[in-house]
Enquirer: 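Attaching a single structure in structure tokens format; questions to follow.
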Protein chains: 2
Amino acid sequence: MLNFAVGPVPQNNNVSAIGGRDVPYFRTPEFSRIMLESERLILELAFAPKDSRAIFSTSSGTGAMEAVVMGTLDPRRDKALVVDGGSFGRRFRELLALHGIPHDAIELEHGAPLRVEDLDAYSGGDHTAFLVNLGETSQGVLYDANLIADFCKREDLFLVVDGISSFLADPFDMGEMGADVLITDAQKALACPPGVAPIVLSPRALERVRRVVQPCSYFNLGLMLENQLRGQTPFTPAVGIILQIHERLRQLQEAGGAAAEVALRASVAEDFRRRVSESGLPLEMRLTSPSNAVTFLKTIGFSARRLVDDMKETYGIWLCPNGGEGAETSFRVGHIGEHPLSDNALLVAALLDAQRRGIMRP
Amino acid sequence: MLNFAVGPVPQNNNVSAIGGRDVPYFRTPEFSRIMLESERLILELAFAPKDSRAIFSTSSGTGAMEAVVMGTLDPRRDKALVVDGGSFGRRFRELLALHGIPHDAIELEHGAPLRVEDLDAYSGGDHTAFLVNLGETSQGVLYDANLIADFCKREDLFLVVDGISSFLADPFDMGEMGADVLITDAQKALACPPGVAPIVLSPRALERVRRVVQPCSYFNLGLMLENQLRGQTPFTPAVGIILQIHERLRQLQEAGGAAAEVALRASVAEDFRRRVSESGLPLEMRLTSPSNAVTFLKTIGFSARRLVDDMKETYGIWLCPNGGEGAETSFRVGHIGEHPLSDNALLVAALLDAQRRGIMRP
């Protein structure tokens, strides 16, 4: 199966090999060293400001999003501004509502980038925090980090970045952006199995964690941070996945760090987009502020659902279907994980073959 | 490394092989079928009553414990009785406190079994729920399921069983016991990597989930149940571990179900205990109501900590150290996971050799 999902994604052999072994007992100095090294590495890869910390939540990225909402925002003192431009931005909004955090939402048309005027409408307001999924995976859109950074600095907003699918796929410098929290996930550009979501916290976020009442024990950020001081977790983590993340972080460092990985992702995405452009296929790519992680494609006059099904059945190729009303008219192709350029060549060949076979007829 | 931890434990080859492969995309009918089959299999293995349901939480077992406390107990209507005889019973108690569930705790001396008089003291009270970790892993003690069942039926208590380390190691019949919730974990007798905690819910528990306000989105039992109807999860699960659990559940069914697995665990535990008895080693086993999952051993006149360290360094054998004040005087040996009887022979040989090398001197 050639998997172009936006997670889980194809792994490299070293990561897979760890998954094939027994999982060791973890309340040991050996595991602690690995956890501490992973913390150091992810802080480096995120360009986290001095005295930042990282923890590894055994949950989905959404679990980490909820942990951050519960653990850094105070229902009595905060008012958040959240960007809602697709399913994942909407999720942040729902979490704020569930946990009683007063908030306003910047609702974007699906697929639209965030513009300066969207933000300016909230200048000088009483907001204390800004939440954004930097890459809105469901739409293939990457929001403008500089725009967000400027606004948040000017308004002195606590900035929470969901970088679940964009971290290591698109440029991100936590310190430069002034982000206070980075949430990411194992099965995106880290290309490990899902189950662990790393969270990076700036000193300002750490101060909030100390101050905010932590309403849930499993997601208690303070407890996680305290345990991570000695390279451990409060409860049994997904040890195997954590070992795989460590291996992958080491690989990334050795291969030149975040810049090299982002350049690699960009080259894979650009290669795919060039091939599609040159193919003459009846596909329209959404290329207004696209993320390197994924390309959003609209079908011109044929059923996307039928194409996704056919690609799977005929070629063993997994494309990423869209939900809801976009299911018939669009799909996505992921560029994260172990995807040599030959995968793109195969995919475009299969698309052309599907066209020849009549799958792209109305 | 010969791993006698009580989780993570040695896996069998088929389970490991799945861990060594790429993780497939999961919003597919194929994955749904696997999830639905896993639900059916775990209900069978737990002897769950008709119309029970099972879900798979991507978290530690403690996460599942908290999900159950938040999702089935009502701070305004419930009063719980909880057995606190070691670190894991204590954890339930702390979760009840955190979530504002009024409760009383039956505090047992560590290592002591639950007795009829411990329960009778609460007869005719105003409790509505009973929470117990059937096997108190930290002490190697298995509580008397019949005793608990009789008491809960007589008092009409909603019965939550943490079977994290005892499920499939010790006899358990959810229907017969009248248990409403079973919480277990991937890395115990299921012998998979940690990261996923299955939860089985009786019809009475399902009714509670519908009624109780779910304060957390990630652990929303109602949302998990709704998604599991079609073999899915609300958020990205630890797909790889779920596939491994499915494989293991199928193996267990084919090998004769829960009874066969419990008999196998009993034979491994008995074999170890017989070998220690016959060895003349200065070790005292705690055999008052022991779980098949683990043996708790006291050292006679020597440092347990030193022995645990030496076994690891000299023989590559991992014993399970105890925390707190018991660390110098006791340790544990797990019997779950892929442990042929030859592992016990090796362990006892190494213990005898350590004795000869003077590790068991005061």
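Just so we're on the same page: letters track the sequence lines, and every chain starts at 1.
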Enquirer: Please look at A:T28 and chain B and tell me whether the side chain, the backbone, both or neither of the residue comes under 4.5 angstrom of a heavy atom of that chain.
Expert: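 A:T28 touches chain B through side-chain heavy atoms alone.
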Enquirer: Check A:P193 against B:V23 and note the closest heavy-atom contact, atom names and distance.
Expert: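 Nearest heavy atoms, A:P193 then B:V23: CB-CG2, 3.7 Å.
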Enquirer: Please look at A:I242 and chain B and tell me whether the side chain, the backbone, both or neither of the residue comes under 4.5 angstrom of a heavy atom of that chain.
Expert: neither
Enquirer: Please check if the number of heavy atoms outside A:R76 that lie under 6.0 Å from its CZ is greater than 12.
Expert: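 Atom CZ in A:R76 is not crowded, with 12 or fewer foreign heavy atoms closer than 6.0 Å.
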Enquirer: If you tally heavy-atom pairs under 4.5 Å against chain A, which of B:E94, B:H99, B:R91, B:Q187 wins?
Expert: B:R91
Enquirer: Counting only non-hydrogen atoms closer than 4.5 Å, does A:E66 touch chain B with its backbone (N, CA, C, O), its side chain (CB onward), both, or neither?
Expert: side chain
Enquirer: At a heavy-atom distance under 4.5 Å, which candidate from A:G19, A:A17, A:P234 has the highest pair count against chain B?
Expert: A:G19
Enquirer: Looking at chain A, which one of B:G337, B:S16, B:G63 has the largest number of heavy-atom pairs inside 4.5 Å, strictly under?
Expert: B:S16
Enquirer: Identify the two heavy atoms, one from B:Y25 and one from A:A5, that lie closest to each other, and give their separation to 0.1 Å.
Expert: CD1-CB, 3.5 Å
Enquirer: Assess whether ring pair (Phe, Tyr, Trp, His ring centres under 6.0 Å) is satisfied between A:Y218 and B:Y218, documenting all intermediate values.
Expert: CA-CA 11 Å; A:Y218 186 75; B:Y218 187 75; 7.5 Å; no
Enquirer: Specify the closest pair of heavy atoms between B:R21 and A:Q11, including all atoms of both residues, with the distance to one decimal.
Expert: O-NE2, 3.9 Å
Enquirer: What are the two closest heavy atoms between B:P194 and A:T236, and how far apart are they?
Expert: CB-CG2, 3.7 Å
Enquirer: Please identify, among A:M1, A:E30, A:Q244, the residue contributing the most non-hydrogen atom pairs under 4.5 Å to chain B.
Expert: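 Of A:M1, A:E30, A:Q244, A:E30 has the most heavy-atom pairs under 4.5 Å with chain B.
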Enquirer: Do you know which two heavy atoms are closest between B:L98 and A:S217, and how far apart they sit?
Expert: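 Scanning both residues, the minimum pair turns out to be CD2-N, 3.4 Å.
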Enquirer: Using a cut-off of under 4.5 Å on heavy-atom pairs, state which of A:A238, A:P8, A:P321 scores highest against chain B.
Expert: A:P8
Enquirer: Top residue by heavy-atom pair count (under 4.5 Å) with chain A, among B:C320, B:C216, B:G240?
Expert: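 Among B:C320, B:C216, B:G240, the one with the most close pairs to chain A is B:C216.
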Enquirer: Select one option (side chain, backbone, both, neither) describing which atoms of B:I18 are under 4.5 Å from chain A's heavy atoms.
Expert: neither
Enquirer: Shorter than 4.5 Å, heavy atoms on both sides: which option in B:G195, B:S57, B:S60 has the most such pairs with chain A?
Expert: B:S60
Enquirer: Pick from B:A67, B:P24, B:P10, B:A186: which one has the most heavy-atom pairs with chain A under 4.5 Å?
Expert: B:P10
Enquirer: Measure B:P237 against the heavy atoms of chain A and call it side chain, backbone, both or neither at under 4.5 Å.
Expert: backbone
Enquirer: What part of A:Q214 gets within 4.5 angstrom of chain B, counting heavy atoms only: side chain, backbone, both, or neither?
Expert: backbone
Enquirer: Looking at every non-hydrogen atom in both residues, tell me the closest pair between B:I241 and A:I241 and how far apart they are.
Expert: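 Heavy atoms of B:I241 and A:I241 come nearest at CD1-CD1, 3.9 Å.
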